[in-house]
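By convention in this document, chain letters (A, B, ...) are assigned in the order of the sequence lines, proteins followed by strands, and residues within each chain are numbered from 1.
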There are 2 protein chains.
Amino acid sequence: MIAKINLKEQGLTETTPRLAVLKAMEANTAQHMSADDVYRYLLERDRPLPMSTVYRVLAQFEQAGIVERHSFDAERTKQVYELKDSEHHDHMICIKCRSVHEFLDPQIESRQIEIVENLGFSLTDHSLNLYGICAGCDRKDAQSEEAIKQ
Amino acid sequence: MIAKINLKEQGLTETTPRLAVLKAMEANTAQHMSADDVYRYLLERDRPLPMSTVYRVLAQFEQAGIVERHSFDAERTKQVYELKDSEHHDHMICIKCRSVHEFLDPQIESRQIEIVENLGFSLTDHSLNLYGICAGCDRKDAQSEEAIKQ
DNA sequence: ATACGAATGCGAATCAGTCGCAATACCATT
DNA sequence: AATGGTATTGCGACTGATTCGCATTCGTAT
């Protein structure tokens, strides 16, 4: 659960566009949203905002620590955003259905710190993305192979 | 050391542009090369190739498994390529000087597989990027702080 | 040498994201 | 509630990275 976010507390004045983008993000916590997703959500469910404003507001939110930006797709380099909950986590991305599963593994987390320290490097951030095929798509694959055999 | 690559063995006919790009990559194994780096290298040291061809050839190489494509920069989304040696490895990127250090940690590798298996997911690929400040830049930072104090 | 398909060169197009600037909205103050 | 000054927005034009379409050229098997 993500605590209700108050823009003023994050040092941002409350403007209509910012509230709209925040609402869009809060309404879609289940998925990672691209700027375009936010744009289309607002167009359909709310009041249209120009793309440039969507980008700007998302950048402001990122700076303020309200959202986190990721770039999952190994090929296409579209960026997506998610509301930042207190817990850091890594991502597992299904290359078939593009679904994203979040996880956190303490063992990996602590090992990363060890590696980095051994090299005199100071860690500010990291991203671990696992790409593969999720259980759901795997099942579907098996089914369609069945179908072909018949 | 990377084994000498033979284009024909990888299913690619030997053309002048492909050989040129391969040479450029082989001459710069120490760094990760962007399409633009390859373009400029050829312009200066060899014979110019149009950007579109550089991109095309790099894409062909990627498909053939000759190079690997990464996107390190968390913000800017420029892609870089490196010749694929047999060993997979992860990357540690200095956010100051942009230098990239490669590493491989068996503990993390095996833990990833465990995590994925527990979730019925089949792993095809992964990327682990650690961002921080390298020993060299850390030293420089400390020095300039000294300088300011004086 | 010839012919066929594959690969290239060229520029135009696309795609995601950013920028400059005039117009407007916030909000503290009267 | 009106006012003023700053922060934010809307608009369109722009950029940088990458891709595409298509006529031309090259590589290779005959």
For a quick test of reading the model: is some side-chain N or O of [X] closer than 4.0 Å to OP1 or OP2 of [N]?
X	N	value
T15(A)	dT9(D)	yes
T53(A)	dG10(D)	yes
Y55(B)	dT18(D)	yes
Q79(B)	dA16(C)	no
T13(B)	dT28(D)	no
T16(B)	dG27(D)	yes

Distance in angstrom units between [X] [atom1] and [N] [atom2], rounded:
X	N	atom1	atom2	result
Q10(A)	dT8(D)	CD	P	14 Å
L12(A)	dA25(C)	CG	C1'	15 Å
K78(B)	dA16(C)	NZ	C1'	16 Å
Y39(B)	dG9(C)	OH	C1'	12 Å
L49(B)	dC10(C)	CG	P	10 Å
R18(A)	dA25(C)	CZ	C1'	11 Å
M51(B)	dT19(D)	CE	P	11 Å
L19(A)	dA7(D)	CG	C1'	15 Å

Go through the side-chain N and O atoms of [X] and [Y] and say whether any donor and acceptor fall under 3.5 Å apart.
X	Y	result
R18(B)	T13(B)	yes
H88(A)	E109(A)	yes
E82(B)	H70(B)	yes

When you measure from the side chain of T53(A) to the backbone N and O of L49(A), does any donor-acceptor pair fall under 3.5 Å? no
Electrostatic pair R111(A)-E114(A), nearest N-O below 4.0 angstrom: yes
Would you mind telling me which residue lines up with the more 5' stretch of DNA chain D, V80(B) or K8(B), judged by nearest nucleotide? V80(B)
Heavy-atom donor-acceptor pair, R56(A) side-chain to dG17(C) base, under 3.5 Å: no
Any donor-acceptor N/O pair under 3.5 Å between dC10(C) base and S52(B) side chain: yes
